[in-house]
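Data block below; observations after.
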Amino acid sequence: MTDFKDSWKAQTALVHGGTQRSQFGETSEALFLTQGFIYDSAEAAEARFKGEDPGFIYSRYANPTVDMFEKRMCALEGAEDARATASGMAAVSAALLCSLRAGDHVVAARALFGSCRWIVETLMPRYGVETTLVDGASLQAWEEAIRPNTKLFFLESPTNPTLEVCDIAGIAKLANTIGARLVVDNVFATPLLQRPLELGAHVVVYSATKHIDGQGRCLGGIVLSDRDWIDEHLHDYFRHTGPSLSPFNAWTLLKGLETLSVRVRQQMESAGRVADYLAEHPKISRVVYPGRPDHPQAELIARQMKGGSTLVCLDVGGGKNDAFAFSNALKIIGISNNLGDAKSLITHPGTTTHKNLSEEARTEAGINPGTLRLSLGLEDCDDLIADIEQALAKVG
Ligand SMILES: *Cc1c(COP(=O)(O)O)cnc(C)c1O
């Protein structure tokens, strides 16, 4: 039976999804800053531990404020169940490691967030999990990497920082033919611009640190999937390894979700305008923006996403010196490795977020010496363009 709530559109789910009021009827979500819970009797404690009574036991397992955040994200994502984590990396590592064992094989797109790549390339092999990194944009590369023991596919789309896109529906179909699971890191798209579960992915992960908080305050993450997979694989892993989200951060993220759609809409609009401005500028040698018709995968983007992105990738003509000079001359836009914030932020991936990659791996990922990643904030877009214009005037 479908509930009235199941028909809510995203913007309504973002404000009301998962809300559980206490006996006081508070308007805003309550913050249950507690480690544990008191039972009415020894029998009640026994029943709860037996699973006969669904109440809370301990905040490493579950907490009412964290539960509201998980339920709101489920409503938004169309997922059956979720576990919220202390950071995006806790979500990614839990989603990847909870179902794998020595002897399994994982195929992942090469263009991964640095720490995600470390888990696949360095950590997994230590525990006997074989891994293959492929060009995520090539369906054929995914297919050719399959081995008899392949259990998991992992990708990020659009990618960081070059905003390349993977065909989620095509890769999910391939995973289904061999009974493997596809895990999608959906940070760059946000839950509003891309719905991986609808496209056939089996597990979705977020760093809630980015757009979901969106105001630069706290770290968080979440893993969403079907109930069977969570019960079978994630549930025990999560309880016993303890990557739990703090109730205070869950509360902050709940408040972040309330404004997610208005923020993402404005940031995306600014990103589109800034991308168009940069594309015409003589000192800019490359602009990649998923909302522009000149994106090499524009057709796939139109099929799988509801909008472009809140980020723009650009190359300043003369390489690293020019990229640094431009970044240093910006007055509103801040230099930071973060993204998805209310404040516009610029990153030079080659010397920061992607500095651990070999020169060859960086080139392969499309990261040139002059490549910058710009995350659009909530400032007036005219001011942002004026800031970019005065900074570019100081380059070269
Ligand atoms: C930031 C980020 C992460 C890690 O999230 P944290 O909250 O910093 O741990 C993972 N994947 C992507 C794509 C990210 O941008």
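This is a predicted model, so every value here is computed, not measured. Each ligand, and each atom within it, is numbered from 1 in the order the structure gives. Computed over heavy atoms, backbone and side chain alike; hydrogens, waters and symmetry mates excluded.
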So OG1 of T363 and CG of N368: to nearest 0.5 Å the spacing works out to 7.0 Å

Quick one: do the N176 and H202 side chains pair a donor with an acceptor below 3.5 Å? yes

Whether K71 engages the ring of F69 as a cation-pi pair (distance to the six-membered ring centre under 6.0 angstrom, angle to the ring normal within 45°) should be assessed. no

Between Y277 and E389, do the side chains contain an N or O donor and an N or O acceptor separated by less than 3.5 Å? yes

Side-chain donor-acceptor contact under 3.5 Å, R83 with S244: no

Pair E299 + R303, salt bridge at N-O below 4.0 Å: yes

Measure and list all N/O to N/O distances between ligand 1 and the protein that fall under 3.5 angstrom.
| unit_1 | atom_1 | unit_2 | atom_2 | d |
| --- | --- | --- | --- | --- |
| ligand 1 | 5 (O) | S207 | OG | 3.0 |
| ligand 1 | 7 (O) | G88 | N | 2.8 |
| ligand 1 | 7 (O) | S207 | OG | 2.8 |
| ligand 1 | 7 (O) | T209 | OG1 | 2.6 |
| ligand 1 | 9 (O) | G88 | N | 3.1 |
| ligand 1 | 9 (O) | M89 | N | 2.8 |
| ligand 1 | 11 (N) | D185 | OD2 | 2.7 |
| ligand 1 | 15 (O) | K210 | NZ | 2.8 |

